[in-house]
Amino acid sequence: MPNNFSVDGYRNFFAFAEWWTFKTKYTQWWTKSFESACLPLTADLGLSPGHVMRRLQYKGGTKLNYTLPVDAASSIGILIVVGTILPAASLSSEALLECRKMLKALEAYSNVREIVAIAPEGRELILEATPQGLFLLADLKHMFKKLGLNFARFQQKLQGAPAALSISEIIVALFRMRGSQGNQDPNSTFHRFLKRLCHSFSQSVEVGVEGHLLCECPDPVVHARVHPFMKRSRTGGNKVLQKSLIARWQSRGGGFVSTKDNPNLATLGIVAPRSNLASRTTNELAVRALMKAAQCMEESASTSKVLNFCFDAAMVSEEHVLSVVFRSNGVQFAGATQLLPHGLCEEQATSALQSFSKAAKAQMESHGGPAKIPSGSFAWKEFRTKTKNTLMALVNCLQVILPPGFSLRNCCPEKSLVPRTKDAERFLLLPQEKQALGLSDWPDDAQLHFVYHFGQQTRWLDFIPSTNSMYKLCFAADEGSEVLADDTNQDKMRSLLLVFRHMRAFAGEYDRAVQQSSSGSLKYAISLASGKRLAKLLSKTIGECTTAAALAYIGGDGDGPECVDVIEWHSALLLYQLKAIYQVGTYHRSFPWRVVECLDPGAWSKVLLAMQEVWDFVVNVVDTLPAADPLYVQLAICRAQSFRDLMISAEQLCYQYVCC
């Protein structure tokens, strides 16, 4: 469990799929014995509920403050489970043997060297173990006599007639005695002795397990002692842990899940049709990757809730997939790939066609000929379907690595930042007001504003009080591009090569930089935000395409009609390309995207000055416009939370670096 959570001090839990070896299923034991036997024994041992828990998806059972993706129990939780089984009079020899094996496996991590008990008169009794960690049967008999316990009954519950016993064998025999009348009283000497022994054993196991934990899951090798799953679980086909870990993204109502009809490695000819190797390897790799990514994000979210990622969709093996790559705390990793629907479903397309046919027929019958189909005739049930599918896929991918229960609502502030209207004004908060609001996330000298509406006589804060109260998603999406090609005329092909030359070279450099260096994309993002690289591209393209040598190269240096046609084609192509080059950096040079230029220390003053100018214009002009004003409508980005939150945060830096 996480460092900040434990159950009575126990943090290490064991999945039932790894240690439950009884013929009776664990779910059947839970149904019959949890409420009637497990919870009472837990209370008798002085413990709180939660040492035996069901997986996150389980709908019933005791509600706890924390759940795990699998059914699990702590070390003392395993003792409790075993303690509900051992007292049964009809317990089979096979079940008794399995109980002994379970506690024997736990004993490998314990280091109990003495047994401490309190005699009825209040005197403390201590029984020390031999150098081999065993307790002599004669010493136990002497202790039982002083405690007033039935040693003969205890000896009947032992396996054979050993001269010395391990701590696990003593606990098994005591739990078997617990079913006898008189041993179930929580205030009895027997119960106090068993309770103390269980706690000593479990606490020793907890300490021992902590010393054997690994920071990273080791690579699986033949005959390895440590595996992500036990060998018995893998060979026996036990998929409980695997399914529980990937259940958050495997089955979604939106349809982002692989089905039996999707292409697999066998259909692609990579493995044999009946091979299990690929399935086992990919399943284990998927579980490892998801667990490692979730752990990385859990550590990162404790200090910052800013998540950087990029995504792109493509057709792979006849499927439309969305690939997402995350970056956090200097670590870059891939998210769970999502399958996207190809388009509208058949029912929606059929409904749209029928509605259009009905509307067209009605118009033609009423007008006796061709007629205009009125708007709204199509029965589309979805609006911006591709955008919705992409958002749903991104949420599915984010839910894998972020804490359970995450949704896009966690990315919204409690109160949205809204522009002031014409009848409102921004004022600075006084130091006393900031102190009363308890703004611990902001510096004491922060220049924070509130907005006062004179007509409504209301006020609201013009900043987000807690900077770490929500997740901030910073992502880069793929930019689509159109390519113009025409091979019907040699002169036109030469013009294409000439006009596109420098842009193609830039695209090639960018592709190599991104593939060969982890900082390549960041370097080019900064250059695009500054506008310097695109200015050079524009200058080179214009300079090379308008010379006499260029006109001669494309065959436009004559006086004939063919030359005029070539020059017109070349001029139109050049203007379209110049427009396209300029538009490449349009949003890179605009806020909030241009803020990436601040990663260049030498650009701080220039960027902050530009931000101050833009923010002053927004606050004093755009925010005061009527909602129906065309400029107000066109500048909708100024009302986006990402824009206003960024500008308000930068407003503090402007006071420090620009105004000073």
Side-chain angles (χ1 to χ4, degrees), residues 306 411-431 433-434 437 439 441-454 458-470 472-476 525-526 528-531 585-660:
V306 178
C411 303
C412 301
E414 293 182 5
K415 292 186 178 181
S416 301
L417 298 172
V418 295
R420 72 178 184 91
T421 59
K422 186 177 180 181
D423 299 328
E425 189 65 48
R426 295 176 88 228
F427 297 97
L428 278 172
L429 281 174
L430 298 175
E433 293 174 320
K434 291 190 291 184
L437 290 171
L439 305 175
D441 290 354
W442 291 90
D444 294 337
D445 58 347
Q447 304 292 319
L448 303 176
H449 293 79
F450 71 94
V451 178
Y452 183 80
H453 194 284
F454 293 97
T458 57
R459 75 167 191 170
W460 60 89
L461 299 179
D462 200 22
F463 62 93
I464 298 176
S466 178
T467 57
N468 205 33
S469 61
M470 62 181 183
K472 297 182 180 180
L473 306 180
C474 303
F475 63 90
I526 295 175
L528 289 172
S530 65
T586 298
Y587 82 82
H588 290 280
R589 297 190 302 272
S590 305
F591 294 107
W593 300 277
R594 187 184 168 184
V595 76
V596 72
E597 193 180 356
C598 288
L599 294 176
D600 178 11
W604 269 58
S605 298
K606 180 183 67 174
V607 177
L608 288 174
L609 183 61
M611 294 181 78
Q612 185 182 35
E613 294 175 353
V614 171
W615 186 234
D616 288 343
F617 174 74
V618 170
V619 171
N620 298 319
V621 178
V622 180
D623 288 354
T624 61
L625 294 174
D629 190 280
L631 181 60
Y632 187 85
V633 175
Q634 291 293 327
L635 295 179
I637 182 62
C638 299
R639 296 182 290 282
Q641 298 301 296
S642 56
F643 178 87
R644 302 191 76 87
D645 185 24
L646 173 69
M647 287 299 185
I648 290 172
S649 300
E651 194 173 23
Q652 315 306 318
L653 298 175
C654 291
Y655 280 108
Q656 299 178 25
Y657 293 92
V658 179
C659 298
C660 297

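- Between atom CZ of residue F463 and atom CG of residue D645 there is a gap of 11.5 Å, rounded to the nearest 0.5 Å.
- Of all non-hydrogen atoms in L428 and Q447, the two that sit nearest each other are CD1-OE1, 3.6 Å.
- With rounding to the nearest 0.5 Å, the separation of NE2 in H449 from CH2 in W460 is 14.0 Å.
- Looking only at side-chain heavy atoms (C-beta outward), V306 and C474 come within less than 4.5 Å of each other.
- Under the side chain to side chain contact (heavy atoms under 4.5 Å, CB included) rule, L461 has a single partner from L448, V451, L417, L429, which is L429.
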Verdict with supporting geometry, Y452 and F450, ring-ring contact (aromatic ring centres under 6.0 Å, His included): CA-CA 7 Å; Y452 183 80; F450 71 94; 7.3 Å; no
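- In this structure, M647 and F591 have side chains that are in contact, with non-hydrogen atoms separated by less than 4.5 Å.
- Within the 4.5 Å cutoff, the side chain of F643 has heavy atoms near those of the V614 side chain.
- With sequence neighbours left out, R426 forms a salt bridge (Lys or Arg N to Asp or Glu O under 4.0 Å) with D462, E651.
- Identified under the side-chain hydrogen bond (donor to acceptor under 3.5 Å, both in side chains) test for residues 619-643, with sequence neighbours left out: D623-R644.
- Considering all non-hydrogen atoms of both residues, V618 and C638 come closest at CG2-SG, 3.7 Å.
- Contacts classified as salt bridge (charged side-chain N to carboxylate O under 4.0 Å, His left out) and involving residues 603-619 (residues at least two apart or in different chains) are given here: E597-K606.
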